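Source: prediction; values computed, not measured. These values consider heavy atoms only, across backbone and side chains, with no hydrogens, waters or symmetry-generated copies.
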Amino acid sequence: LFSGTGPVVVLLTVLQWAGRGLPSPVRPICDPRVLDRFIMEARDTETALRGCKAGCGVTGTFVVPLTNVDFVVWETKDTEEQALEVQSGMSLFGQALGAVRESVSRVAVQILIDNNKSNIHSLGQVLRSLHIQDLPLPPAPAVGDLVTRKVSSLSELLHVHTNFLRGKVRLLLTNAPACQQNST
C-alpha cells in the first residue's frame, strides 16, 4: 500500500483519506505504519552512511538523548512528561543533524540528512495532531547528566536516532490518549 513513498506522503494520504469521510480501522495518525516509515527511513540512512568517513567531513561530538527505557519509570510518567522527554530528544537530534548538514560537502549525504531533519519536523506535527502540544523545552542538558550522552560519529548518531524512534517515540505514540480512545 505505501511502498515507495515517504512518511510525510503516507501521513498526508492517510489524513486525506480520513478527511473524505472514508471509514478507517484506526485513527489515521495512530496508524503504526506512519511511524514505521519514519523508522525505516532513519534505518536506511544509517545503513547508507555507515561507512561514510572521509567524504562526510563530520567532526566533533553530538549530544543525544539516551534511548534505553526503564518501563517501570516510563509508565509512572504522565503523557506530558513523556512528551517532553521525546520532544527534548527530537530537538537534540534536530540540532545534531543541523550541525552535520553544515559540515558535510557531499550532496548525497546532505539530501539524506535533510530528509531526516524533515522527518523530525513531521513527527512534531504528528505529536501535535494527537493533542500532544509543543511543550517548552528545558535548557539543554549538560553532557554527563542522566538523560543524554555524547556520540562522535555520524554512524553512531544515526544509530541512536533510529533506536530513539523505535523506543521512546513509539511508546509515546502507541499510548497517546487520542489513540487509546478508539481502541476501547
Side-chain angles (χ1 to χ4, degrees), residues 6-8 34-75 77 79-106 108-128 132-176:
V8 173
V34 174
L35 180 59
D36 290 343
R37 289 297 300 198
F38 286 116
I39 293 168
M40 184 187 74
E41 287 194 11
R43 189 178 53 235
D44 289 350
T45 299
E46 177 188 347
T47 300
L49 298 180
R50 186 168 287 135
C52 186
K53 290 181 179 39
C56 289
V58 177
T59 58
T61 58
F62 308 101
V63 178
V64 295
L66 295 177
T67 58
N68 56 324
V69 178
D70 180 336
F71 291 101
V72 173
V73 172
W74 182 263
E75 297 207 354
K77 296 178 180 183
T79 303
E80 189 172 293
E81 289 176 293
Q82 293 172 350
L84 183 60
E85 190 169 332
V86 166
Q87 290 171 341
S88 296
M90 298 301 278
S91 176
L92 290 173
F93 285 118
Q95 292 169 25
L97 290 171
V100 167
R101 174 64 168 85
E102 295 292 321
S103 68
V104 297
S105 56
R106 291 176 51 192
V109 175
Q110 291 173 342
I111 290 169
L112 289 170
I113 296 303
D114 287 345
N115 185 50
N116 278 268
K117 284 190 65 169
S118 175
N119 288 349
I120 288 171
H121 176 73
S122 296
L123 277 168
Q125 292 176 314
V126 168
L127 292 175
R128 282 187 293 285
I132 299 172
Q133 300 303 313
D134 283 328
L135 301 168
L137 297 177
V143 176
D145 62 13
L146 299 176
V147 296
T148 64
R149 69 183 184 113
K150 278 187 174 182
V151 296
S152 57
S153 71
L154 180 57
S155 176
E156 193 175 10
L157 170 65
L158 295 171
H159 182 70
V160 173
H161 179 237
T162 301
N163 284 341
F164 189 76
L165 294 174
R166 289 178 16 204
K168 292 180 180 178
V169 174
R170 183 178 301 281
L171 283 171
L172 178 64
L173 294 178
T174 300
N175 296 313

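- Listed by chain and residue number, R50, L158, H159, T162 satisfy the side-chain contact (heavy atoms from CB on, under 4.5 Å) test with E46 (two or more places apart in sequence, or in another chain).
- Partners of S155 by side chain to side chain donor-acceptor pair (under 3.5 Å), not counting sequence neighbours: none found.
- The minimum heavy-atom distance between L172 and W74, with the atom names listed, is N-CZ2, 4.2 Å.
- With rounding to the nearest 0.5 angstrom, the CG atom of N116 is 12.5 Å from the CD1 atom of I111.
- Counting only heavy atoms from C-beta outward, the side chains of L173 and V86 never approach each other to under 4.5 Å.
- Listed by chain and number, the residues in a side chain to side chain donor-acceptor pair (under 3.5 Å) with T67 amount to none (sequence neighbours excluded).
- Here F164 pairs with F93 under the ring pair (Phe, Tyr, Trp, His ring centres under 6.0 Å) rule; sequence neighbours left out.
- Q110 places a side-chain N or O within donor-acceptor distance of the main-chain N or O of V104, the cut-off being under 3.5 Å.
- Under the side chain to side chain donor-acceptor pair (under 3.5 Å) criterion, D44 pairs with no residue at all, not counting sequence neighbours.
- In this structure, the side-chain contact (heavy atoms from CB on, under 4.5 Å) partners of A96, at least two apart in sequence or on a different chain, are F62, L157.
- Separation of atoms CD1 (I113) and CZ (R106) is listed at 11.0 Å; rounding is to 0.5 Å.
- The side chain to side chain donor-acceptor pair (under 3.5 Å) contacts involving residues 165-175 comprise D36-R170, E85-K168, where partners must be two or more places apart or lie in separate chains.
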Under the side chain to side chain contact (heavy atoms under 4.5 Å, CB included) rule, what do H161 and L92 come out as? Steps first, then yes or no, please.
-> CA-CA 10 Å; H161 179 237; L92 290 173; over 6 Å; no
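- Within the model, atoms CD of E81 and OG1 of T79 stand 9.5 Å from one another, a figure rounded to the nearest 0.5 Å.
- The backbone N or O of S118 lies less than 3.5 Å from a partner atom in the side chain of S122, making a donor-acceptor pair.
- Of all the heavy atoms in G89 and P65, the pair that sits closest is CA-CG, 3.6 Å.
- Of the N and O atoms on the side chains of Q95 and S91, at least one donor lies less than 3.5 Å from an acceptor on the other residue.
- Side-chain contact between Q82 and L171 is absent, with no heavy atoms from C-beta onward closer than 4.5 Å.
- Looking at residues two or more places apart in sequence or on another chain, you find a side chain to side chain donor-acceptor pair (under 3.5 Å) between R101 and D114.
- Every residue two or more places apart in sequence or in another chain that forms a side-chain contact (heavy atoms from CB on, under 4.5 Å) with D70 is listed here: V72, V73.
- A distance of 11.5 Å separates CD in E75 from NZ in K77, rounded to the nearest 0.5 Å.
- For residues 86-99, there are no salt bridge (charged side-chain N to carboxylate O under 4.0 Å, His left out) pairs, not counting sequence neighbours.
- Separation of atoms CD (Q87) and CG (L127) is listed at 6.0 Å; rounding is to 0.5 Å.
- One finds the CG atom of L97 at 5.0 Å from the CD1 atom of I120 (value rounded to the nearest 0.5 Å).
- Every residue meeting the salt bridge (charged side-chain N to carboxylate O under 4.0 Å, His left out) condition with E156, not counting sequence neighbours, appears here in chain and number order: R149.
- Between L123 and L165 there is a side-chain heavy-atom pair separated by less than 4.5 Å.
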